[in-house]
Structure formats: structure tokens, C-alpha cells
Colleague: 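Sharing a structure, written as C-alpha cells. Questions coming.
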Amino acid sequence: QVQLVETGGGLVQAGGSLRLSCAASGRIFSRYAMGWFRQAPGKEREFVAFIRSSGGGTLYADSVKGRFTISRGVAENTVYLQMNSLKPEDTAVYYCAADNAPRNAGRANDYDYWGQGTQVTVSS
């Protein structure tokens, strides 16, 4: 079992920055690829970013490429999402997820464990 807890959400003005953290329990965190997804009211959950278990490969949704950066701190059992140049359309609940055997980084159903989510609100 892997338990994930997201923190770092909040209210920020457009153009600002936030750093989300996802703390994972368990000693095998390093074996899991990690992803960030988000869900806005009335919309489906969408892929944001992905990082391989080794930390050597990352993927981003086109909508956040160049603005968001995913990283992982193995010693801290934590994955981060640095969000810069935030826009009102980035407003959503952000979830981290763990995938033991990644095949399609952008598909939510592939992930094995999910956190409870953290709200990010960007005002215009």
C-alpha cells in the first residue's frame, strides 16, 4: 500500500507561483512513477505531469509545458509540482498519483494510488 498526501494548494493571483508537494508513505516509493492530475468543476480529470521512478524522464500536458515542473525527492519520499505563471484556467483540485507499471502516463486509470487532492485557485 502507498498513501499519498498533497499539500501546498491555495489562492494566488494570475502570474503567481505555487509549489505542490505530495508525500508518500512506504519504503518502495522510489519504484513508483508519479503523476499529477487536476480536475476543475464540471470537467473530467486531466493529466498534468509525469515523472518516472528513476526521475530521469518527465512528461507534461501541452497546457502547462514551460510553466510547470515536476520533480521528486527520493530521500524525502516526496514529489513536487512547481507551478509558475499561473493562469485562471489552472484553477482545479490537483491530485498526485502513483503508478507501479506505467504504460500510459496520461491515463488516470493506469495509476494505482491517489491522494485526496489539494485546491488551487488562481484569480484574475
Side-chain angles (χ1 to χ4, degrees):
Q1 281 282 349
V2 175
Q3 292 185 328
L4 305 172
V5 179
E6 302 98 332
T7 57
L11 174 63
V12 64
Q13 288 187 333
S17 298
L18 281 176
R19 189 194 197 201
L20 305 184
S21 299
C22 173
S25 67
R27 294 177 295 175
I28 58 174
F29 168 72
S30 61
R31 298 181 186 178
Y32 284 81
M34 300 296 294
W36 284 96
F37 288 75
R38 66 187 182 186
Q39 188 166 18
K43 295 187 177 181
E44 294 187 352
R45 191 168 297 191
E46 66 172 356
F47 168 73
V48 175
F50 167 87
I51 188 166
R52 296 195 179 279
S53 57
S54 63
T58 56
L59 292 170
Y60 296 93
D62 288 343
S63 59
V64 307
K65 202 172 293 183
R67 299 187 299 122
F68 290 12
T69 302
I70 188 171
S71 62
R72 61 192 303 158
V74 176
E76 305 141 2
N77 273 15
T78 302
V79 63
Y80 303 99
L81 186 68
Q82 177 67 43
M83 306 186 296
N84 299 328
S85 302
L86 282 162
K87 305 174 181 179
E89 51 263 44
D90 294 319
T91 295
V93 177
Y94 282 71
Y95 300 88
C96 69
D99 192 344
N100 189 33
R103 293 172 297 278
N104 186 334
R107 189 164 62 192
N109 287 345
D110 274 16
Y111 289 77
D112 305 295
Y113 301 100
W114 290 84
Q116 83 289 347
T118 186
Q119 176 70 48
V120 171
T121 303
V122 184
S123 63
S124 57

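All heavy atoms count here, side chains included; hydrogens, waters and symmetry mates do not.
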Colleague: Given a cutoff of under 4.5 Å between side-chain heavy atoms of I, L, V, M, F, W and Y, with clusters grown through shared members, what are the other residues clustered with Leu11?
Modeller: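 None; Leu11 is a cluster of one.
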
Colleague: Walk me through whether Tyr80 and Arg19 qualify under side-chain contact (heavy atoms from CB on, under 4.5 Å).
Modeller: CA-CA 7 Å; Tyr80 303 99; Arg19 189 194 197 201; 3.5 Å; yes

Colleague: Give the minimum heavy-atom separation between Ala49 and Leu81, together with the two atoms involved.
Modeller: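 Minimum heavy-atom separation between Ala49 and Leu81: CB-CD1, 4.1 Å.
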
Colleague: Only pairs at least two apart or in different chains count here, so list each side chain to side chain donor-acceptor pair (under 3.5 Å) that has a residue in residues 93-104.
Modeller: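 Checked against side chain to side chain donor-acceptor pair (under 3.5 Å) - neighbours excluded - the pairs reaching residues 93-104 are Arg38-Tyr94.
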
Colleague: Which pairs pass salt bridge (Lys or Arg N to Asp or Glu O under 4.0 Å) with one or both residues in residues 49-58, sequence neighbours excluded?
Modeller: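 Passing the test, one end in residues 49-58: no pairs.
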
Colleague: For side-chain contact (heavy atoms from CB on, under 4.5 Å), just list the numbers for Val2 and Tyr32, CA-CA rounded to whole Å, side-chain angles, deciding distance to a tenth of an Å, and then say yes or no.
Modeller: CA-CA 10 Å; Val2 175; Tyr32 284 81; 3.8 Å; yes

Colleague: Do the non-hydrogen side-chain atoms of Met83 and Ser17 ever get within less than 4.5 Å of each other?
Modeller: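 No, too far: nothing below the 4.5 Å cut-off.
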
Colleague: Flag yes if Met34 and Trp114 sit in one hydrophobic cluster, no otherwise; membership is Ile, Leu, Val, Met, Phe, Trp, Tyr, and two members link when side-chain heavy atoms are under 4.5 Å apart.
Modeller: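 Different clusters: Met34 never reaches Trp114 through Ile, Leu, Val, Met, Phe, Trp or Tyr contacts under 4.5 Å.
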
Colleague: Does Ser123 offer a backbone N or O that forms a donor-acceptor pair with the side chain of Gln13 under 3.5 Å?
Modeller: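 No, because the side chain of Gln13 does not come within donor-acceptor range (under 3.5 Å) of the backbone of Ser123.
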
Colleague: Can you tell me how far apart CD1 (Ile70) and SG (Cys96) are? Round to the nearest 0.5 Å.
Modeller: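 If we round to the nearest 0.5 Å, Ile70:CD1 and Cys96:SG are 9.0 Å apart.
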
Colleague: Establish, yes or no, whether the cationic atom of Arg107 lies under 6.0 Å from the six-membered ring centre of Phe47 and within 45° of the ring axis.
Modeller: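 So Arg107 doesn't make the cation-pi contact.
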
Colleague: Using side-chain heavy atoms (C-beta onward) and a distance below 4.5 Å, is Glu6 in contact with Ser21?
Modeller: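 Contact flag for Glu6/Ser21 side chains = no.
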
Colleague: Look only at the side chain of Gln3 and the backbone of Ser25, and say whether a donor-acceptor pair between them is shorter than 3.5 Å.
Modeller: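 No; zero donor-acceptor contacts below 3.5 Å.
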
Colleague: Which atom pair, heavy atoms only, marks the closest approach of Thr69 to Tyr60?
Modeller: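 For Thr69 versus Tyr60, the nearest heavy atoms are CA-OH, 3.3 Å.
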
Colleague: What are the two closest heavy atoms between Val79 and Trp36, and how far apart are they?
Modeller: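 Shortest heavy-atom separation between Val79 and Trp36 comes out as O-CZ2, 3.9 Å.
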
Colleague: Membership question, hydrophobic clusters at under 4.5 Å side-chain separation (ILVMFWY): are Phe68 and Phe50 in the same one?
Modeller: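 Phe50 and Phe68: separate clusters.
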
Colleague: Val48 and side chain to side chain contact (heavy atoms under 4.5 Å, CB included): which partner among Val64, Leu20, Asp90, Leu59?
Modeller: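 Result for side chain to side chain contact (heavy atoms under 4.5 Å, CB included) with Val48: Val64.
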
Colleague: Identify the heavy atoms of Ala33 and Arg72 that sit nearest to each other, and give their distance.
Modeller: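 So the two residues come closest at CA-NH1, 4.2 Å.
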
Colleague: Thr91 pairs by side chain to side chain contact (heavy atoms under 4.5 Å, CB included) with which of Val12, Val120, Thr121?
Modeller: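 Going through Val12, Val120, Thr121 one by one, the side chain to side chain contact (heavy atoms under 4.5 Å, CB included) with Thr91 is satisfied by Thr121 alone.
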
Colleague: Are Tyr111 and Phe37 an aromatic pair by the rule of ring centers under 6.0 Å?
Modeller: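 Close enough - the centres of the two rings lie under 6.0 Å apart.
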
Colleague: What heavy-atom pair brings Arg67 and Ser85 nearest, and what distance separates the two atoms?
Modeller: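 Between these two residues, the closest heavy atoms are NH1-O, 2.9 Å.
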
